[in-house]
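What follows is a single structure, written as structure tokens, with notes after it.
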Amino acid sequence: MKKYNIALLPGDGIGPEITKVTKKLLQTISNKHDFEIKFEEHLIGGTAIDETGNPLPNETIEACRNSDGVLMAAIGNPRFDKLPREKRPETGLLKLRSDLNLFANIRPVKIFPSLVNSSTLKSEIIENVDLIVVRELTGGIYFGQPKGRIKTEKSERAFNTMSYSTEEIRRISKIAFELSSNRKKRICSVDKANVLDVSQLWRDEVNKISLDFPQVELTHMYVDNAAMQLVKEPSQFDVILTGNLFGDILSDEAAMLTGSIGMLASASLNIDGPGLYEPVHGSAPDIAGQNKANPIAMILSASMMLRIGLNENDAADDIEQAVNSVLDKGHRTSDLIGKSNDYLGCDQIGEKINDAIQAK
Ligand code: IPM
Ligand code: MG
């Protein structure tokens with residue numbers, strides 16, 4: 001029987017609740033599809049700071065490196081917002097991405113048919129949306145040097161650097177072109193080349209890579225226009241290729257097309273080595289511990305892990321079909337239901353999905 005070692009990182013806020021539900025589903029699915037998953041839980045984010053003083057203890061990095069896949073829930077807690085940057089939860093996640101060289105972040109945005117009316121946008125605008133944001137994840141302004149704060153004569157100045165090398169642009173572009181070759185064969189590369197030098201290099205290099213993929217149609221769009229087009233006519237997009245900061249912003253915007261950011265999964269990948277699978281949403285401290293969170297983004301992240309990382313495609317299909325059928329039956333979590341009180345808790349929707357997997 002195949003055995004996989006999964007590093008499980010529950011993190012902060014709603015993280016532990018959605019992890020519990022997702023872990024249980026993975027156990028059900030592995031029994032059903034005849035493989036074994038060994039889970040090892042590790043600390044990251046605010047919980048890790050509280051226990052060890054460090055948002056990403058070495059032991060966590062090592063365990064992730066030696067795993068077959070890393071499944072993370074969410075990190076972040078406003079309690080730490082005033083601390084120096086190296087002591088904040090987000091720094092732990094950024095270091096994990098960087099240490100494992102997870103340069104390719106894949107964020108699929110697909111509308112579940114039964115949720116077309118949960119979006120704040122009109123159903124005719126979103127019903128055909130099926131796009132993927134390919135976000136560069138280990139470069140750009142998130143990691144560029146120099147950065148910092150300096151005292152000036154009168155006050156203070158702070159700065160970050162948005163920088164990309166040819167190699168960084170090429171490797172993420174290749175991933176986007178390969179993905180797109182198996183889809184609708186359309187890439188829209190998003191930049192700000194009308195203003196930024198770094199974006200002009202981005203555009204030049206993406207153009208060069210496109211020569212190796214003549215079957216894929218490449219267009220370019222400025223990020224301000226892309227933000228507008230995503231709400232105006234989102235179905236025009238197939239693969240959106242973009243840098244770290246623009247990808248962060250546009251993927252939250254794209255998430256809302258699906259009705260809730262609680263639905264969006266992601267995979268962060270290297271050329272080889274274990275990937276990191278995590279929901280796009282954050283730790284939602286305002287609803288933590290209340291059994292109100294939507295676990296579906298983490299469940300779908302687990303299904304991306306099964307598909308991309310472990311090659312267990314049938315198990316991944318099974319999870320996605322179960323989520324679909326539970327939504328089709330009208331079950332909703334609080335984020336999907338607007339003001340009504342008639343929603344299922346995190347545990348309860350998890351049970352429904354679990355039942356749907358077992359029933360098939
Ligand atoms: C995301 C998040 C992270 C990011 C934060 C938590 C550091 O917003 O994964 O999109 O900015 O990349
Ligand atoms: Mg984000």
Side-chain angles (χ1 to χ4, degrees), residues 9-15 18-19 43-49 54-56 60-61 64 70-81 83-109 131-144 147 160-162 164 168 172 190 223 226-227 230 240-258 260-270 275-286 288 293-294 297-298 300-302 304-305 335:
L9 312 180
D12 305 325
I14 57 170
I18 60 175
T19 301
L43 296 169
I44 190 168
T47 343
I49 300 176
N54 178 350
L56 184 69
T60 300
I61 307 177
C64 292
V70 184
L71 185 58
M72 197 191 92
I75 53 107
N77 186 326
R79 222 167 15 95
F80 301 102
D81 284 355
L83 290 185
R85 198 155 292 287
E86 69 278 8
K87 288 257 152 63
R88 292 202 208 167
E90 289 77 6
T91 305
L93 174 57
L94 296 179
K95 186 166 188 310
L96 182 62
R97 289 173 178 171
S98 176
D99 282 6
L100 297 184
N101 205 12
L102 303 169
F103 67 90
N105 184 221
I106 317 280
R107 298 186 161 180
V109 181
L131 63 89
I132 295 190
V133 179
V134 176
R135 168 189 176 194
E136 199 291 328
L137 201 61
T138 50
I141 197 164
Y142 272 55
F143 293 93
K147 63 172 188 175
N160 290 85
T161 302
M162 191 186 275
Y164 272 116
E168 284 173 313
I172 190 69
V190 172
V223 62
L230 263 176
I240 295 178
L241 163 64
T242 191
N244 207 342
L245 179 63
F246 299 157
D248 178 47
I249 299 166
L250 294 181
S251 61
D252 265 33
E253 190 189 3
M256 276 318 288
L257 304 171
T258 66
S260 165
I261 196 166
M263 299 298 295
L264 219 68
S266 88
S268 304
L269 309 171
N270 192 343
L276 167 67
Y277 301 84
E278 52 167 322
V280 171
H281 64 69
S283 58
D286 52 323
N294 180 355
M298 186 168 185
L300 294 175
S301 302
M304 285 185 91
M305 176 177 82
D335 53 317

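Residue numbers start at 1 and run along the sequence shown. Counting starts at 1 for both ligands and their atoms, in listed order. Quick caveat, the model's predicted, so the values are computed rather than measured.
- Of the options Ile49, Ile75, Ile44, a side chain to side chain contact (heavy atoms under 4.5 Å, CB included) to Leu56 is made by Ile44 and by none of the others.
- For atom 2 (C) of ligand 1, the closest non-hydrogen atom on the protein side is Asp248 OD1, 4.0 Å.
- The nearest N, O or S atom of Asp248 is closer to the Mg ion (ligand 2) than 2.8 Å.
- In this structure, the protein non-hydrogen atom closest to atom 5 (C) of ligand 1 is Glu90 CG, 4.4 Å.
- Rounding to the nearest 0.5 angstrom, the gap separating the OH atom in Tyr164 from the CD1 atom in Ile172 is 8.0 Å.
- Near Arg135, meaning under 4.0 Å from one of its heavy atoms, ligand 1 places the atoms 1 (C), 4 (C), 9 (O), 10 (O), 11 (O), 12 (O).
- Atoms CG and CD, from Leu137 and Glu168 in turn, are 11.5 Å apart once rounded to the nearest 0.5 Å.
- Contact analysis leaves His281 out of contact with ligand 1, as no non-hydrogen atom separation drops below 4.0 angstrom.
- Applying the side chain to side chain contact (heavy atoms under 4.5 Å, CB included) test between Glu278 and each of Asn105, Leu93, Leu96 identifies Leu93 as the sole match.
- At a heavy-atom distance under 4.0 Å, only side-chain atoms of Arg97, from C-beta outward, approach ligand 1.
- Counting heavy atoms under 4.0 Å from ligand 1, residue Arg107 touches it through the side chain alone.
- Shortest contact from atom 4 (C) of ligand 1 to any protein heavy atom: Tyr142 OH, 3.5 Å.
- A heavy-atom distance below 4.5 Å is not found between the side chains of His281 and Asn294.
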### Working for side chain to side chain donor-acceptor pair (under 3.5 Å), residues Asn77 and Asp12
CA-CA 7 Å; Asn77 186 326; Asp12 305 325; 5.9 Å; no
